[in-house]
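Report on one structure; see the data block that follows.
So you know, we letter chains A, B, ... as the sequences are listed, proteins then strands, and number each from 1.
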Amino acid sequence: MSRADPAPPRAVEPAPAAAPLPAAFYDRPVLEVAPALVGCVVRHGDTAGVIVETEAYHHSEPACHAYVGLTARTRPLFGPAGVAYVYRSYGIHALLNAVCEPEGVGAAVLIRALAPLDGLEVMRARRRVARDAELCSGPGKLTQALGVGLEHNATSLVDGPVRIEPRPPAWAAPALLTGPRVGITKAADLPWRFCAAGSRHVSRPWPPGLRDAAA
DNA sequence: CATGGGATTGACT
DNA sequence: GTCAATCCCATGC
């Protein structure tokens, strides 16, 4: 083509994928990693979203799958940090976790909700919901929207197909709310859930009294 | 080998 | 507010 030709139209602007978080980010206490992941970006293919809700799990408490010890199922949880732990919930949904802490410690952060960032049209095609706020507002919803499945279990979040990137500038210091984890019966009192204050994309609203910190 | 529960969601009353 | 769908796997006989 000649120089006078207009640039060919691009179907999709290339995703400005940042360098992913290093494994060392995850290799520390899970209660530090869980709030630190809020505002970071989960990316898979053309789709990406900003994490607005997380929960911490640790093998010392019975709500964690690793509580039962090292089994074929829980092996990734006890492995090195920076790896995905994806499992099926209620026979239907795939839930995405980021394995934390040194090898031998069974700990992970459950990614519970995202604010959609890139690939909105792909997400809408996968989710078929009325409003964009429902695309990723739950742990099973976001994996469906991003195309994350059980095949991603035990893959690297640093150089695998599903990656997590540092907080973009707009999310440099998100206001956080803390509360009890959702949907569990054991160790339900631990306040190990972390949300971006005021986000419309969280999986469940906060009880009255915690809303005043909303940004 | 049979059983039961689960870090959920969507449809329905 | 209630409830079914659906499957992996830990546990127990």
Measure the distance from OH on A:Y67 to P on B:dG6 and round it to the nearest whole Å. 14 Å
In Watson-Crick or G-U wobble terms, both distances under 3.5 Å, what is the partner of C:dT6? none
Which is true for A:R128 with a 4.0 Å heavy-atom rule: it touches a base, it touches only sugar-phosphate, or it touches nothing? nothing
Establish, yes or no, whether a centroid distance under 6.0 Å links the rings of A:H65 and A:H59. no
If you compare every side-chain N and O of A:R112 against the phosphate oxygens of B:dT8 (OP1, OP2), does one of them come in below 4.0 Å? yes
Any A:S89 side-chain N or O less than 4.0 Å from OP1/OP2 of B:dG6: no
A:S203 near the nucleic acid: base, sugar-phosphate alone, or nothing, with a heavy-atom cut-off under 4.0 Å? nothing
Take atom NE2 of A:H65 and atom C1' of B:dG6, then tell me their distance rounded to the nearest Å. 7 Å
Mind checking A:I184 for me? I need base, sugar-phosphate or nothing, with any heavy atom below 4.0 Å counting as a touch. sugar-phosphate
Does B:dT9 have its OP1 or OP2 closer than 4.0 Å to a side-chain nitrogen or oxygen of A:R204? no
Nearest heavy atom decides the nucleotide; on that basis, is A:H93 or A:L150 closer to the 5' end of DNA chain C? A:H93
Can you name the nearest heavy-atom pair linking A:P168 to A:G39, along with the distance? CD-O, 3.2 Å
Atom-pair distance (CG on A:L142; P on B:dA7), nearest Å: 17 Å
When you match A:G138 and A:K186 each to their closest nucleotide on DNA chain B, which lands nearer the 5' end? A:K186
Look at the side chain of A:Y90 and decide which nucleotide, out of B:dG10, C:dA10, B:dT8, has an atom nearest to it. B:dT8
Centroid distance under 5.5 Å and plane angle under 30°, A:Y57 vs B:dA7: yes
Which of the following nucleotides, C:dC8, C:dA5, B:dA7, is nearest to the side chain of A:I92? C:dA5
Heavy atoms from C-beta onward define the side chain here; which of B:dA7, C:dA10, B:dG10 lies closest to that of A:R73? C:dA10
At what distance, to the nearest 0.5 angstrom, does CZ of A:F25 lie from CG of A:L37? 4.5 Å
Donor/acceptor link under 3.5 angstrom from A:Y87 side chain onto base of B:dA7: yes
Got a sec: does the CD of A:E121 have more than 12 other heavy atoms crowding it under 6.0 Å? no
Would you say the side-chain atoms of A:S156 pair up with the backbone N or O of A:D159, donor to acceptor, closer than 3.5 Å? yes
Whole angstrom value for the distance that separates P of C:dC8 from CG of A:L95: 15 Å
What nucleic acid atoms does A:R181 come within less than 4.0 Å of, heavy atoms only: base, sugar-phosphate, or nothing? nothing
For B:dA7, the Watson-Crick or wobble counterpart (both distances under 3.5 Å): none
Under the criterion side chain to side chain contact (heavy atoms under 4.5 Å, CB included), which of A:V109, A:V30, A:L110, A:I184 is the partner of A:E55? A:L110
Grab the CZ-C1' distance between A:R88 and C:dA5 for me, whole Å please. 12 Å
Nearest-nucleotide check on DNA chain B, A:T185 vs A:S137; residue mapping nearer the 5' end is A:T185
What's the CD-C1' distance between A:E53 and B:dA7, to the nearest Å? 11 Å
Whole angstrom value for the distance that separates P of B:dA7 from CZ of A:F194: 18 Å
Could you tell me the separation between the NZ atom of A:K141 and the P atom of B:dA11, rounded to a whole number of Å? 11 Å
